[in-house]
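First the structure, in the form of structure tokens, and then the observations on it.
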Amino acid sequence: MTELFIEGGRALLGQEIHQTTLRIAGREIVAVGTDNSHGSPGIDAGGLLVLPGIVDLHGDAFERQMMPRPGVDFPIDVALIDSDRQAVGNGITTVYHATTRSWEPGLRSADNARKLLEAIEQMRPQLAADTRFHLRHETYNLDAESEIIDWLSEGRVDLFAFNDHMDSTVASLAKPLKRSRMVERTGLTNEAFDRLVQSVVTRGHDVPASIARLAQAARAADVRMLSHDDESPAMRQAYRAQGVAIAEFPVNEETARDAAAASDFIVFGAPNVVRGGSHTGWTKASDMVAKGLCSVLASDYYYPAPLLAAFRLAADSVLPLAAAWQLISSAPARAAGLADRGMLAAGQRADIVLVDDTAPLRPRIVAVVAAGRLVHLTEANRLVRSSVASRKAVAAA
């Protein structure tokens with residue numbers, strides 16, 4: 001379709017919701033509040049909310065499509081196609097696949113990261129969501145530094161995050177359940193995994209200089225950076241000094257307050273909001289939202305979560321829906337430097353979600369438009385050839 005109208009829905013325009021019609025031509029919204037007088041293809045959005053597509057800065061649920069059970073692998077192209085369907089079906093029109101490149105073998109190995117990057121680059125034209133590469137670098141993975149710098153300079157990385165899970169990995173060695181999960185993911189024996197961890201830990205003194213070199217490379221390539229699980233204001237300040245302006249999942253309120261005072265973007269997990277708390281026992285995201293200490297919500301490990309979280313925040317009177325939706329649309333777009341999406345306005349990319357909000361805590365996606373293409377529709381009767389107004393007039397006569 002080169003032209004498409006979304007007619008008669010309750011559209012989120014800025015901070016307010018108005019019943020109106022959107023006209024789409026090509027990949028963009030070209031007009032708001034226009035009439036479909038030419039009988040062009042349209043979607044009857046009557047009774048539905050019309051919202052900007054969700055921009056998901058951090059989602060790693062695709063890992064379950066790659067390895068649904070420990071040691072059970074599926075081809076990456078199959079995993080990406082299935083993940084794309086899941087993302088779009090949950091209203092996510094821009095997805096950053098958060099790919100961990102670790103010192104571990106197996107699921108989070110260098111080889112898997114390379115294959116995933118190559119697959120994303122090759123498959124982008126056939127994926128419905130705008131699919132991007134969020135590289136999560138384990139800072140103790142010193143051997144990866146040179147190749148990552150090359151990726152950054154070549155423009156292959158869309159977001160770059162610094163992760164340091166070494167302390168938690170060492171602590172988990174004494175916890176049978178966590179140890180089992182880590183070891184199964186790598187495909188190593190317990191003894192081999194222990195030896196690997198001990199070898200990696202000994203190189204800790206080289207980590208700070210490596211972080212500095214990588215941050216410099218990211219700045220030179222104009223790639224936005226995140227720091228993951230900041231534990232203290234001092235840690236946040238150290239990363240900020242390196243140009244890392246996105247605090248991803250700060251583990252306590254004190255650190256989130258430091259980030260907010262510096263106008264950093266602050267990301268929390270949408271599953272945390274939906275479940276009513278963190279599965280790790282750390283910061284409660286809805287409290288952070290209420291205190292103005294969260295600017296972005298991400299799917300993290302569960303694609304349905306951003307949609308559900310926005311409506312949960314509204315139902316719990318934490319934020320009006322318009323403000324809650326910004327946490328998953330316009331704010332993450334700004335954090336990622338994407339000025340062409342996240343809101344419904346003329347000139348913006350036509351990423352649009354139609355939602356049935358009859359049940360406030362169970363919003364239902366009815367249709368999704370991504371870059372002007374209708375990519376998801378659950379009610380075929382809403383796709384029409386003549387304007388809603390004309391059809392209603394005929395029906396009334």
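Just so you know, residue 1 is the first one in the sequence shown, and it goes up from there.
In the model, Ser227 has a side-chain atom that pairs as donor or acceptor with a side-chain atom of Arg236 under 3.5 Å. Residues Asp258 and Gln237 bring a donor and an acceptor atom of their side chains to less than 3.5 Å of each other. No hydrogens or angles considered: nothing links the side chains of Asn112 and Ser109 as a donor-acceptor pair under 3.5 Å. Looking at Ser102 and Arg108, their side chains never bring a donor and an acceptor atom within 3.5 Å of each other.
No donor-acceptor distance shorter than 3.5 angstrom exists from the side chain of Asn90 to the backbone of Ile92, with no hydrogens or angles considered. No side-chain donor-acceptor contact under 3.5 Å links Asp316 to the backbone of Val318. Using a distance-only test at 3.5 Å, with no hydrogens or angles considered, no donor-acceptor pair links the side chain of Thr283 to the main chain of Ala285. Judged by distance alone, with hydrogens and angles left aside, the side-chain atoms of Ser329 form a donor-acceptor pair with the main-chain N or O of Trp325 at under 3.5 Å.
Checked against the 6.0 Å centroid criterion, the rings of Phe133 and Tyr96 do not qualify as a close aromatic pair. Between His134 and His97, the distance separating the two ring centers is not shorter than 6.0 angstrom.
Environment of CZ in Phe311: crowded, with over 12 heavy atoms of neighbouring residues, nucleotides or ligands closer than 6.0 Å. The 12-atom threshold is not exceeded at CZ of Arg27, counting heavy atoms of other residues, nucleotides or ligands nearer than 6.0 Å. The local environment of CD in Gln216 is sparse, with at most 12 non-hydrogen atoms from other residues, nucleotides or ligands closer than 6.0 Å. Atom CG of Asp222 has 12 or fewer neighbouring heavy atoms from other residues, nucleotides or ligands inside a 6.0 Å radius.
Rounding to the nearest 0.5 Å gives a distance of 13.0 Å between CZ of Arg240 and CD1 of Ile246. Separating the CG atom in Asp164 from the OG1 atom in Thr139 is a distance of 3.5 Å, to the nearest 0.5 Å. One distance of note links CD1 of Ile266 with CG of Leu226; it measures 12.5 Å at 0.5 Å rounding. Note that CD1 of Ile365 and CD1 of Ile54 are 6.0 Å apart. Values are rounded to the nearest 0.5 Å. Here the CZ-OG1 distance, from Arg341 to Thr93, works out to 7.5 Å after rounding to the nearest 0.5 Å. Distance NE2/His18 to CZ/Arg10: 13.0 Å, rounded to 0.5 Å.
Phe265 is listed as a side-chain neighbour of Arg334, based on a closest heavy-atom distance under 4.5 Å. For the pair Leu22 and Val30, the minimum side-chain heavy-atom distance is 4.5 Å or more. Between Arg364 and Val366 there is a side-chain heavy-atom pair separated by less than 4.5 Å. Using a 4.5 Å heavy-atom threshold, the side chains of Glu28 and Ile24 count as separate. Annotation: side chain of Tyr140 is in contact with side chain of Val207 (closest heavy-atom distance under 4.5 Å). Put simply, the side chain of Ile148 reaches to within 4.5 Å of the side chain of Leu214, judged on heavy atoms. Annotation: side chain of Pro68 is in contact with side chain of Phe74 (closest heavy-atom distance under 4.5 Å). The shortest side-chain heavy-atom distance between Val274 and Asn272 does not fall under the 4.5 Å cut-off.
In the hydrophobic clustering of ILVMFWY residues, with side-chain heavy atoms under 4.5 Å counting as a link, Ile120 and Ile76 come out together. One hydrophobic cluster, built from ILVMFWY side chains closer than 4.5 Å, holds both Ile81 and Leu117.
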Take Asp130 and Thr94, measure what side chain to side chain donor-acceptor pair (under 3.5 Å) needs, and give me the verdict at the end. CA-CA 5 Å; Asp130 183 6; Thr94 302; 4.5 Å; no
Could you walk me through whether Glu184 and Arg181 pass salt bridge (charged side-chain N to carboxylate O under 4.0 Å, His left out), step by step? CA-CA 5 Å; Glu184 286 179 336; Arg181 289 174 180 168; over 6 Å; no
Between Arg185 and Glu63, does the salt bridge (charged side-chain N to carboxylate O under 4.0 Å, His left out) criterion hold? Intermediate values first, please. CA-CA 11 Å; Arg185 187 174 67 204; Glu63 288 187 338; over 6 Å; no
Report the C-alpha separation of Asn252 and Thr255 in whole Å, then their side-chain angles, then the decisive distance to 0.1 Å, and conclude whether the side chain to side chain donor-acceptor pair (under 3.5 Å) test is met. CA-CA 6 Å; Asn252 52 56; Thr255 303; 2.7 Å; yes
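By the 6.0 Å and 45° rule, Arg101 stacks over the aromatic ring of Trp151.
Nearest approach of Leu57 to Ala336, heavy atoms of both residues: CD2-CB, 3.8 Å. The two atoms that bring Ala192 and Thr189 nearest to each other are N-OG1, 3.1 Å, heavy atoms only. The two residues Arg124 and Thr131 come nearest to each other via the heavy atoms NE-O, 2.7 Å. Among all heavy-atom pairs drawn from Ala128 and Ala370, the shortest one is O-CB, 3.5 Å. When all heavy atoms are compared, the tightest approach of Ser83 to Tyr303 is CB-OH, 4.0 Å. Taking both residues in full, the closest heavy atoms of Lys178 and Ser172 are given as CD-OG, 3.6 Å, listed atom of the first, atom of the second, then distance.
Of the charged side-chain nitrogens involved, at least one lies within less than 4.0 Å of a carboxylate oxygen, so that Glu253 and Lys291 count as a salt-bridged pair. Using a 4.0 Å cut-off between a side-chain N of Lys or Arg and a carboxylate O of Asp or Glu, Glu7 and Arg23 do not qualify as a salt bridge. The existence of a salt bridge linking Arg136 and Asp60 is confirmed by a sub-4.0 Å separation between a basic side-chain nitrogen and an acidic carboxylate oxygen. Between Glu145 and Arg213 a salt bridge is recorded (basic side-chain N to carboxylate O distance below 4.0 Å). A salt bridge does not link Asp351 to Arg373: none of the charged side-chain nitrogens sits closer than 4.0 Å to a carboxylate oxygen.
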